[in-house]
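Below you'll find the structure, written out as structure tokens, and then a few comments.
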Amino acid sequence: MQTNARDRLITALDVPSADEALALVDRLGDAVSFYKIGMELVYGGGGLAVAERLVKAGKKVFLDLKLHDIPNTVERATAQVARLGVHLLTVHGYPQTMRAAHAGRAGTGLKLLAVTVMTSYDDDDLVAAGYAEGVGPTVRRRADQAKDIGIDGLIISPHEAAALRAALGPSMLLVTPGVRPAGSAVGDQKRVMTPGEAIRAGADHLVVGRPVTAASDPRAAAEAIVAEISANLTA
Ligand SMILES: O=C(O)c1cc(=O)[nH]c(=O)n1[C@@H]1O[C@H](COP(=O)(O)O)[C@@H](O)[C@H]1O
């Protein structure tokens, strides 16, 4: 996978219909080369068709379905996703789930990302969910398990990127949502950094939704993020 500045921005197409998604893609034009399609667009109808269309148009596509089920179901669902020709798929970072997805994508080009701890969570949220450990140790545990199983990359917040890059080496893809250009609304995210900070921390790809999709000029917003990525890659 190329890692030029533009390919490092993954724009989350969090819109409710295929028509809105394709209109946004049209508006963004060549400013965006990599898209994430998630639950809203898939459940809204047409998300998988949009994914296939974008792949045919030469865009890179990350299908964010966050699979988590019994192993048989995860393995078979992953094999079906691989048939779509998308580049990345998320599964939850539980060992059983990761092993099943790894088996399901065998022999295909699909890369798997393990979701570690959602970027909307802090230590208190993990305690409320029944976990004994805080964010740092939980992310680390899941990252080590993902590496052992042969998962290609991790969904983490930018806050964990530097430590994981040092611990896991250069080949593990580090993909960070929880990215906010300076001055933009944080919303429901809790562990955030700016695009430049995330890149300097070692992130390979930044997932950005609302700061692009809700901007009055989405193309200009995407271009500004790509410029910030570029400046920090060469800094
Ligand atoms: O798996 C993800 O993509 C994901 C994991 C995570 O921990 N946090 C997170 O925000 N995301 C996704 O990244 C995108 C972030 O969107 P914004 O908060 O609008 O930039 C959304 O599509 C989320 O579903």
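Counting starts at 1 for both ligands and their atoms, in listed order.
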Atoms of ligand 1, numbered as shown, that sit under 4.0 Å from any heavy atom of Val207: 13 (O), 14 (C)
Nitrogen or oxygen atoms of Thr90 and ligand 1 under 3.5 Å apart: no
Nearest protein heavy atom with distance in Å, relative to atom 2 (C) of ligand 1: Lys66 NZ, 3.3 Å
Short side-chain to backbone donor-acceptor contact, Arg191 and Val117, under 3.5 Å: yes
Salt-bridge contact Asp124-Lys190 (side-chain N to carboxylate O under 4.0 Å): no
Under 3.5 Å: donor-acceptor pair, side chain of Arg140, backbone of Leu164: no
Nearest protein heavy atom with distance in Å, relative to atom 8 (N) of ligand 1: Thr119 OG1, 2.7 Å
Minimum-distance protein heavy atom relative to atom 12 (C) of ligand 1: Lys36 NZ, 3.6 Å
Per-atom contacts, ligand 1 versus Asp64 - under 4.0 Å to a heavy atom: 1 (O), 2 (C), 3 (O), 24 (O)
Contacting atoms of ligand 1, where contact means under 4.0 angstrom from a heavy atom of Ala12: 22 (O)
Close approach, Pro211 and ligand 1, non-hydrogen under 4.0 angstrom: yes
Test: Asp30 and Arg219 ion pair at under 4.0 Å: yes
Mind listing the side-chain donor-acceptor pairs of residues 33-44 below 3.5 Å, one per line with the distance, residues two or more places apart or on another chain?
{"from": "Ser33", "atom 1": "OG", "to": "Asp7", "atom 2": "OD1", "distance (Å)": "2.5"}
{"from": "Lys36", "atom 1": "NZ", "to": "Asp64", "atom 2": "OD2", "distance (Å)": "2.6"}

Residues Asp148, Arg99: salt bridge by 4.0 Å N-O rule: no
Shortest protein heavy-atom distance from atom 10 (O) of ligand 1, along with the residue and atom involved: Gln189 NE2, 2.8 Å
Distance-only side-chain donor-acceptor flag, Gln145 / Arg142, under 3.5 Å: no
Any side-chain donor near an acceptor of the partner, Glu160 and Ser157, under 3.5 Å: yes
Shortest protein contact, atom 4 (C) of ligand 1 (heavy atom only): Pro177 CG, 3.5 Å
Residue Arg6 excluded, over 12 heavy atoms near CZ under 6.0 Å: yes
Any Met39 heavy atom less than 4.0 Å from ligand 1: no
Protein contact of atom 21 (C) of ligand 1 - nearest heavy atom, named by residue and atom, plus distance: Asp14 OD2, 3.4 Å
Shortest protein heavy-atom distance from atom 17 (P) of ligand 1, along with the residue and atom involved: Arg180 NH2, 3.5 Å
Close N or O approach (Gly209, ligand 1; < 3.5 Å): yes
Note: Arg76-Asp69 ion pair, threshold 4.0 Å (strictly below): no
Asp188-ligand 1 polar pair, N/O distance under 3.5 Å: no
Which of the ligand 1 atoms, numbered from 1, are nearer than 4.0 Å to a heavy atom of Arg210: 17 (P), 18 (O), 19 (O), 20 (O)
